[in-house]
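Order of listing sets the numbers, starting from 1, for every ligand and every atom in it.
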Amino acid sequence: MKKVTVHASLEYDCLIGSGLLAECGPRFAAFGGSDKIMLVTDDKVASYYLETCEENLRQAGFRVYTFVIENGEKSKNSDSYLRLLNTLAEHHFTRTDSIAALGGGVVGDLSGFAAATYLRGIRYFQIPTSLLAMVDSSVGGKTAIDLPAGKNLAGAFYQPSLVLCDTNTLDTLEDQIFREGCAEVIKYAVIGDEALFASLEKTGVGFDRESVIARCIEMKKDIVETDEFDTGKRQLLNFGHTIGHAVERCSNLAIRHGQAVAIGMALMAKTLLPAPEAGRLTDLLRKFGLPVSCDFPAEQIFDAIRSDKKRKGNSLTLVVPEHIGNCVLQRMPMEDLKSLCVRALNQGE
Ligand code: GLY
């Protein structure tokens, strides 16, 4: 097992290893003060892991309540959020009780936002079961729900008290969803770790899960400790996301987040990295079965970028790759971004 400790507004451990799910009860109980726990999950994850978690928490002395949403991004909405708050209230959850998020990013973000706002904040634990949630969304305290106008438009920064990444849960992930998480792993390598990139080139999807996940969390920890509230360095984590989010929107979410980020990274690399390095990234993404291009016209992608919530006035902060293992933040006028989209989408591969 590996441990990474995050020193943010709250100090907490992220544990990475096999079999951690069956230890959640005593590990959560060690925090004390908590009598009731609301175990939030989705119907897919529930079919694999709910019973084990529930039982383990009961044995550790918790009164366990469950809240199960339908699997998928569409559940990360105000209706699920209010239902969760009302369920907590109906069961008289107090400030000393807690929430545990068992699942991927949707479950984690929704649970975290409910934890941040119920009674102005109760404790929550993350038990991420997807690769993407392990390496990214469960760590760093970004919590949110989507609004009809866009993704993550209502949220809060609110850190979990413990993150348990049980690598065994990756065995039941659909292949496409596992690869989606791989896009985020590749992102970490591009923004800050050339050695990780080189090792992924050798191993492909067969990488050592425990050490690669721990390495990504370590990188995220360093970033979050410097910029918890996302006003500077944390934006590096958005590499590939500006175009990626636009691709997701243009596809009406038919292209999943990780796949869209892979396209975003490949297009950024194609226009901004020296050709041999862009080729290395494209090859690696392909090796992981990830897409590197899309059919949407540049104009449509640019229109979607224009409504990006990270836009400030007539410019946007873009993550610009300088080399594999090093990216910088650059404020870019929307006009320049438009030309970049045209270059990225209109050149052949
Ligand atoms: N997922 C990007 C961040 O946590 O800042």
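Of all atoms in ligand 1, listed by their number and element, those nearer than 4.0 Å to a heavy atom of D136 are 1 (N), 2 (C), 4 (O).
Look at D230 and you'll find every heavy atom at least 4.0 Å from all atoms of ligand 1. Distances from ligand 1 to the non-hydrogen atoms of K220 include at least one value under 4.0 Å.
For atom 5 (O) of ligand 1, the closest non-hydrogen atom on the protein side is R234 NE, 2.7 Å.
Applying the side-chain contact (heavy atoms from CB on, under 4.5 Å) test between M332 and each of T317, L316, L340 identifies L340 as the sole match.
Annotation for D171: atom CG counts as buried by contact number, over 12 foreign heavy atoms lying within 6.0 Å.
Under the 4.5 Å side-chain criterion, counting only non-hydrogen atoms from C-beta, I69 is not in contact with D43.
Residue pairs satisfying the ring pair (Phe, Tyr, Trp, His ring centres under 6.0 Å) criterion with at least one member in residues 140-170, sequence neighbours excluded, are listed as follows: Y124-Y158, F157-F229.
The distance criterion of under 3.5 Å between nitrogen or oxygen atoms is not met by N238 with respect to ligand 1.
Between Y65 and F93, the ring-plane angle classifies as perpendicular under the 30° and 60° cut-offs.
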